[in-house]
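In what follows, a single structure is set out as structure tokens and then discussed.
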Amino acid sequence: MSNPSLLILPGDGIGPEVMAEVRKVIDWFGTRGLTFDVSEDLVGGAAYDAHGTPLTDATMAKAQEVDAVLLGAVGGPKYDVLDFSVKPERGLLRLRKEMDLYANLRPAQCFDALADFSSLKKDVVAGLDIMIVRELTSGIYFGEPRGIIEEGNERVGINTQRYTESEIDRVARSAFELAMRRNKKLCSMEKANVMESGVLWREVVTEVGKDYPEVALSHMYADAGAMQLCRWPKQFDVIVTDNLFGDLLSDAAAMLTGSLGMLPSASLGAPMANGRPKALYEPVHGSAPDIAGQGKANPIACILSFAMALRYSFDQGDEATRVEKAVEKVLADGVRTADLLGEEGVTPVSTSEMGDAIVKALGASV
Ligand code: IPM
Ligand code: MG
């Protein structure tokens, strides 16, 4: 049997630095006989610099063929002046759309060792473990009509929130399936009080819920949901929501845990011929251009994204847990990158030292 294939797209800013640490983890698995066919390519600003487009057709085709894609981050101030159609973010959005990665899993988990880093009180966040399922290929991010048009003597900016029943149905099913594997609790968030797309969202999710009678389903307006996430996040287990609300709510949830530098994500589509879902894994954080190239970035989110790939694409749940435990161990030992500082007298380690510490902890785990 051939090795599972993985396409690595480091991207921009801190992307290449954190990806270098993931490579160490991948190499470690190689020494244990779990070998991946890894290829690497450009995305975002890096692809624009080389090819004048944030994602070439060749890279897109490669992404469609591999078992999983692992992406670092895209974007940076250097590209702010570019036309919208070639901005780095368009490369990522094209991958999501053309691979049809409709279910974006964003866990927000608070590591015990970091409970003090949250801007919320420790007892509010300690032990937090929630999962946001964000719809990723539709809604206002992609709806037509869109654009900036002339109307009378001024311009109008237009975007369209649009959801079909089948789009809501499939992401709701992903969320219910996850809820079944977790604590059988699902909260759906929309704005059914103001938006027709929200009314339909609520109806369809309720209908899908009939196939999952064991799951306790609740509904919340997304603004109230944001408030409840800050007030008492532990009331939630799985949250399912649309593309734009999911973008906002997942950033808020991420910050509850103390650092954006910790959180991975998985974007999953329909199963391929081999039964594996189409999949792209990426950290929730961005390209952090302000610290890029200085060895300050935290590689944990990207390493945990690879762990999610082990679990969801490669049927290696135990090895995924091994990586997560190694991260926990390193944090419990007090190893901190600069984003995690707060304690007196702790000197930060570099990106690469954090990667080495995690690989060492992996070694000690066998
Ligand atoms: C995210 C990001 C992206 C989004 C950007 C980079 C296009 O904020 O993954 O949350 O808005 O979806
Ligand atoms: Mg975002």
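Whatever order the structure lists ligands and atoms in, that order sets their numbers, starting from 1. Source: prediction; values computed, not measured.
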query: Is there any N or O on Arg106 that sits under 3.5 Å from an N or O of ligand 1?
result: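 N/O-N/O distance under 3.5 Å: yes.
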query: Can an N or O of Glu89 be found at a distance shorter than 3.5 Å from an N or O of ligand 1?
result: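 No; the residue has no nitrogen or oxygen that sits under 3.5 Å from a nitrogen or oxygen of the ligand.
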- prompt: What residue and heavy atom of the protein are closest to atom 4 (C) of ligand 1, and at what distance?
  reply: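 So the nearest neighbour among protein heavy atoms is Tyr141 OH, 3.4 Å.
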message: Starting from atom 10 (O) of ligand 1, what is the nearest protein heavy atom, named by residue and atom, and what distance separates them?
response: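 Its nearest protein heavy-atom neighbour is Asp247 OD1, 2.8 Å.
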Does the side chain of [Y] come within less than 4.5 Å of [X]'s, by heavy atoms?
| X | Y | result |
| --- | --- | --- |
| Val204 | Glu167 | no |
| Asp67 | Ser313 | no |
| Val133 | Leu186 | no |
| Glu190 | Tyr221 | yes |

query: With a 4.0 Å cut-off on heavy atoms, is Glu282 touching ligand 1?
result: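 Glu282: no contact with ligand 1 (<4.0 Å).
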- request: Report yes or no: does a heavy atom of Arg134 sit under 4.0 Å from some atom of ligand 1?
  value: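 Yes, Arg134 has a heavy atom closer than 4.0 Å to ligand 1.
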- prompt: Would Tyr312 and Tyr281 count as a close aromatic pair, with their ring centres under 6.0 Å?
  reply: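 Not close enough - the centres of the two rings lie 6.0 Å or further apart.
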message: Would you say the ring centers of Phe36 and Phe306 fall short of 6.0 Å from each other?
response: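 Yes - the distance between ring centres of Phe36 and Phe306 falls below the 6.0 Å cut-off.
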For the Mg ion (ligand 2): the N/O/S atom of Asp247 at shortest distance: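 The Asp247 atom nearest to the Mg ion (ligand 2), restricting to N, O or S, is OD1.
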task: Please determine which of Asp242, Thr241, Asn243 meets the side-chain hydrogen bond (donor to acceptor under 3.5 Å, both in side chains) test together with Arg134.
output: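 Per the side-chain hydrogen bond (donor to acceptor under 3.5 Å, both in side chains) rule, the option paired with Arg134 is Asn243, out of Asp242, Thr241, Asn243.
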- prompt: For ligand 1, does Arg96 get within less than 4.0 Å through its side chain, its backbone, both, or neither, judged by non-hydrogen atoms?
  reply: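 For Arg96, only side-chain atoms sit under 4.0 Å from ligand 1.
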query: Is ligand 1 under 4.0 Å from a heavy atom in the side chain of His285, in the backbone, in both, or in neither?
result: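 Answer for His285: neither.
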